[in-house]
Amino acid sequence: MNRRAHLGALLALPMFWLIGIYIFSLVMLLVTAFWITDPFTSKVKPGFTLRNFEQIIANPAYFSTSMRTLGIALAVTILCILISIPLGIFMAKVAGPKMRALLAVAITLPLWAGYLVKILAMRITFTEEGFFNWALSPFGISGPGFSAFTVVLTLTYLWLPYMAVPVYTAIRQLPPNLFDASADLGAGAWHTIRTVVLPLIRPAIIAGSIFTFSLSLGDYIVAKFVGGSTQMIGSIIASNINLNPPIAAAFALVPIAFVVIYLVSVQRTGALERM
Amino acid sequence: MRSKMFTGRPKMLAGAAFVAAAALVLTGCSAGDDTAGSGSTGGLSIDVPDVAMHSAMGDMEKELNIVAWSGFVEPAWSDQFTADTGCTVNRRVAGTSDEMVQLMRTGDYDLVSASGDASLRLIAGGDVAPINLDLVPNFGDDIVPGMKGQIYDTINGKSYGVPIGRGANILQYNSEVVTEAPTSWDVAWEADSPYAGQIIGYDAPIYIADAAVYLMAHQPELGITNPYALDQTQLDAAIKLLKQQNKIVSEYWADPAAQITSFMGGTTNLGTSWEILRKLTGDEKFKSVLPAEGSTGWSDAWMIGAESKSPNCAYAWMDYTSSPEVNGAIAMNFGMAPANAAFCSLNDEAAAHCDYFNATDEEYFEKVWFWTTPIEQCIDGRTDATCTNFQQWTDAWLTVKS
């Protein structure tokens with residue numbers, strides 16, 4: 001009995017957090033998505049309409065923005081993976097202790113700076129007369145300016161630590177004798193990475209990708225400051241949040257749907273159990 | 001530990017997935033059935049809820065809650081007000097008109113510094129009360145004529161706003177690149193602009209009105225007589241122009257700091273701006289012009305909440321800030337033309353400010369179309385047409401950039 005009370009007390013706070021705040025607000029969001037907005041005063045009235053969801057698919061601007069956001073989030077995730085794996089292998093298996101500590105600090109240091117500060121830094125870097133164009137002009141290269149490409153670069157910069165840290169940790173935990181065995185059996189470095197390292201660190205990559213993918217899906221400040229005329233799902237939600245909360249609520253379910261689809265497909269591969 | 005933390009999640013997520021999938025299925029079902037939604041408003045008359053007017057001044061309350069643009073409520077003049085009246089001023093700075101409308105709907109605020117694109121919505125929603133001008137002695141002959149009795153704050157003969165100041169959305173350019181001073185907006189709108197790729201646009205649905213102003217001059221056959229009264233054909237033409245411009249813009253701005261860095265960083269050489277932003281660049285190479293077609297602009301007014309708990313403090317504030325000195329201080333702090341022209345003759349500095357911002361130049365402001373909420377009723381007086389409302393503008397605006 002006493003043990004039960006203890007368990008209840010222990011779980012009270014997390015359960016309140018999960019149900020009271022997390023689930024409740026999600027449900028409210030879902031309910032609002034069916035409500036009606038008075039077109040003139042933009043006052044929200046409880047009711048039931050599916051028009052808000054219809055808009056997401058019927059309005060070509062909304063649909064193409066959803067697809068673009070999905071593409072950007074996938075590109076950011078892939079870029080983060082491509083950077084993190086060689087970096088993780090170098091840090092864990094090649095670099096000396098000093099170099100390793102230095103790189104670990106370098107990766108996590110940007111997390112200490114404010115989110116907006118980092119975005120504005122990227123904005124200044126990519127202006128026409130900014131650092132990027134200045135540094136590369138001797139080679140005849142001019143930067144991407146403010147575009148969807150710059151959005152991908154900036155989001156990669158923002159979320160890389162969330163991928164790099166778990167990947168590095170996973171590689172560091174790989175027993176050295178696996179590498180020895182692989183080498184003894186005649187596998188080259190590439191072969192070892194592909195057949196030994198990658199399958200073993202896959203859970204870490206998936207854990208990291210959940211962060212990079214979902215954080216990118218929800219972001220719109222980056223698109224606003226370095227995207228030129230790039231719109232993301234968040235831009236549309238922000239445009240509607242005051243004027244037409246129901247359509248903003250309906251649209252907020254799109255990234256949730258993307259993440260759910262992503263997680264379900266990841267779960268089918270069995271990767272989540274091994275995390 | 002990690003695996004424990006994660007095993008619980010898939011089930012919960014599966015639940016969410018089911019809900020999301022169900023929603024998608026439902027959406028599919030409704031595609032052919034268009035009964036829900038718009039068209040419910042019916043008649044064209046502006047039904048303004050009957051909200052009582054404050055009849056006479058009474059004892060001052062303890063505090064005054066104001067929603068305002070940044071720079072409108074500052075200790076430099078609010079401290080003196082508190083000393084005079086005993087009303088403690090609580091300021092809430094809002095970033096957009098939409099945010100102001102939402103905040104006023106909470107009923108927690110007594111006053112708002114509403115722009116024309118928010119005021120009509122507030123009046124029609126019954127969120128603000130008409131103003132008893134007898135209780136605002138400073139609202140007198142010195143208020144510039146262009147800010148009295150405008151459609152965005154005077155409905156059915158009742159005044160809902162006490163004007164604070166106004167400004168135009170001007171064409172700013174970098175004179176080192178744009179060597180020939182432009183006199184028309186054509187450099188910002190036409191596909192063959194020599195400055196393609198270096199043009200900045202404003203990032204809000206109300207920017208559609210800027211396209212409409214240009215069309216008024218260049219495509220008279222569309223019959224646009226007021227950029228805030230667009231029927232569907234006219235809105236489509238404006239959106240077509242905006243899409244054409246989208247191909248030649250460097251970016252859009254909503255955040256003033258982003259606009260300034262865009263010009264200063266060389267990404268943008270020409271585009272929509274405010275006088276105060278040009279001033280803030282601190283660089284004389286940036287010049288501005290009010291092009292021949294005219295432009296859009298903004299005009300702000302104090303409005304009192306329908307459920308204000310401190311009406312006496314609110315009226316005292318509206319009167320206090322309409323005096324030449326305080327009105328001028330707000331205008332100088334924010335960088336706009338003051339509503340009270342008497343400020344301009346106070347001293348040399350005030351005169352220079354008024355001159356720079358064209359405060360008393362009605363000819364200048366006659367070419368400026370102040371932001372007004374687009375509504376279904378055509379505010380240009382047409383009765384044979386249905387105009388597009390702000391929600392339609394918002395939807396249309398989002399199609400421009402994709």
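The figures that follow rest on heavy atoms only: side chains count, while hydrogens, waters and symmetry mates do not. Chain identifiers are assigned alphabetically (A, B, ...) following the order of the sequence lines, protein sequences preceding nucleic acid strands; residue numbering begins at 1 within each chain.
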Can you name the nearest heavy-atom pair linking A/V222 to A/D219, along with the distance?
N-OD1, 3.0 Å
Among A/S229, A/S235, A/S239, single out the residue with the greatest number of heavy-atom pairs under 4.5 Å to chain B.
A/S229
Report the option among B/S97, B/S250, B/G265, B/A257 that has the most heavy-atom pairs separated by less than 4.5 Å from atoms of chain A.
B/G265
Contacting region of A/N240 [heavy-atom separation from chain B under 4.5 Å]:
side chain
Max heavy-atom pair count under 4.5 Å with chain A, selected residue of B/V400, B/D395, B/T399, B/T96:
B/D395
Classify the ring geometry between A/F251 and A/Y62 as parallel (under 30°), tilted (30 to 60°) or perpendicular (over 60°).
perpendicular
Any donor-acceptor N or O pair under 3.5 Å, side chains B/E251, B/S262:
yes
Classify the angle between the aromatic ring planes of B/F286 and B/F263 as parallel (below 30°), tilted (30 to 60°) or perpendicular (above 60°).
perpendicular
